[in-house]
Amino acid sequence: MNILITGGAGFIGSHVVRRLVTTYPNYHIYNLDALTYAGNLENLTDVESASNYTFIKGDITEADFIDALFQEHQFDGVIHLAAESHVDRSITDPMAFVKTNVMGTVHLLNAFKSLWQDNFEGKRFYHVSTDEVYGSLGKTGLFTETTPYDPNSPYSASKASSDHFVRAYGETYGMPYVISNCSNNYGPNHFPEKLIPLFINNIIQKQPLPVYGDGNYTRDWLYVKDHARAIDLVYHKGKNAETYNIGGFNEWTNLNLVKLLCQQMDEKLGRPTGDSEKLITYVKDRPGHDLRYAIDSTKIHKELGWKPSVTFEEGLAKTIDWYLKNEEWLARVTSGDYREYYERQYK
Ligand code: NAD
Ligand code: TYD
């Protein structure tokens, strides 16, 4: 079985690649990644020489290249994670999100369709998506698989659009597919433009912790390895043409999360209690900032037996330990372009 994973050099993709390469020696795993600022082959050094693994540098927005690749390797399955993934970047450059997330996805769908349209038996296209497509919750309620789409940011609008295209290819051409919509992930290898790794880095550097608005925004956090395990399960056991919501029943306001992070880091760094909290700085809010995300993951629990394996306190501690052990990784990814991005976004 030849499986294509797109975006496998990124945060979640690298955990999915590792899991599949090590769990299924009878599969050949192809990792297609353009290595944008967010892609990093250092995330995969432990599996790069596995005999059932091949890395391909390439861009999903290049239709001819994608078609040729599918013809050459005859991918039986696709697990599609490649995307522009940061909301703040989507606010300054929406078109990059349309190009990769919408058009790139449609190029992959076309290539998969051309290859198998005479017989889709045993084939599967899996689109990895986000809970942000459902928009924002008020103080109560949870996103279920039937919550209407209501995206608010260019990022979430582009992911909603790509979800719709995947469904449409299923309906129109009979293409076998599955979609999952997951809540906010955290864990090792997370690029430090997102809240948790950015704040870990800033705490290490004793730099300000830029909390948007009043910090009373809520996210539902899931440890990335639990997401990778869910993706493995949905790919193999999920029902055709279904959506699965994945989340940790683990809601935190940004402010409470940052306080917990500061406490754990003070302990690990041997700093006095309360030291890092002094770095909290309230900054201008994100435009169109969604108030609250929270996932009802009952369906994947009931149908596939999945549930998160770690508490948030455990997962966060493991995450901090990883960043403290991998300061060189952090130093490398925060040099060069990252500095320019940081200046633009926060100064
Ligand atoms: P990431 O930004 O860390 O990684 C994205 C990867 O895609 C990078 O390796 C990048 O090089 C690659 N890529 C970008 N554009 C490409 C292109 N045109 N061609 C080929 N490769 C390209 O993102 P992530 O956080 O790992 O997210 C992965 C997927 O999961 C995304 O589709 C995202 O929407 C979804 N998701 C993320 C989260 C989260 O909390 N991070 C939650 C739910 C869903
Ligand atoms: P983020 O990690 O960008 O994920 P998403 O926007 O996809 O949920 O942000 C998580 C929350 O943290 C979100 O409410 C925005 C907030 N945030 C800050 O307060 N400051 C920051 O510097 C960043 C990057 C995010």
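This one's a predicted model, so the numbers in the text were calculated from it and none came from an experiment.
You'll find the ring centres of Phe70 and Phe75 inside the 6.0 Å limit. Ring to ring, Tyr24 and His236 are close: their centroids are under 6.0 angstrom apart. Between Tyr30 and His28, the distance separating the two ring centers is shorter than 6.0 angstrom. Taking the six-membered ring for Trp and the full ring otherwise, the centers of Phe191 and Tyr37 sit less than 6.0 Å from each other.
Linking ILVMFWY residues whenever their side-chain heavy atoms come closer than 4.5 Å, directly or via other members, places Trp306 and Val128 in the same cluster.
Between the side chains of Asn184 and Tyr293, no donor-acceptor pair is found at a separation under 3.5 Å.
Taking 4.0 Å as the cut-off between side-chain N and carboxylate O, Lys99 and Glu84 do not count as a salt-bridged pair. One finds a salt bridge joining Arg332 and Glu42 here, because a Lys/Arg side-chain nitrogen approaches an Asp/Glu carboxylate oxygen to under 4.0 Å.
Once rounded to the nearest 0.5 Å, the distance linking OG of Ser276 with CZ of Arg271 reads 5.0 Å.
Annotation: His73, atom NE2; neighbour count of heavy atoms from other residues, nucleotides and ligands within 6.0 Å is above 12. Few gaps surround CD on Gln74; more than 12 heavy atoms of other groups in view lie less than 6.0 Å from it. Other residues, nucleotides and ligands place no more than 12 heavy atoms under 6.0 Å from the CZ atom of Phe165. No more than 12 heavy atoms of other residues, nucleotides or ligands sit less than 6.0 Å from atom CD of Glu267.
Not counting sequence neighbours, Arg124 has no partner by the salt bridge (Lys or Arg N to Asp or Glu O under 4.0 Å) test.
Cation-pi geometry between Arg219 and Tyr186 is not satisfied (NZ or CZ under 6.0 Å from the ring centre, within 45° of the ring normal).
Among Leu279, Asn202, Thr281, Asn201, the one residue that satisfies the side-chain contact (heavy atoms from CB on, under 4.5 Å) test with Gln207 is Asn202.
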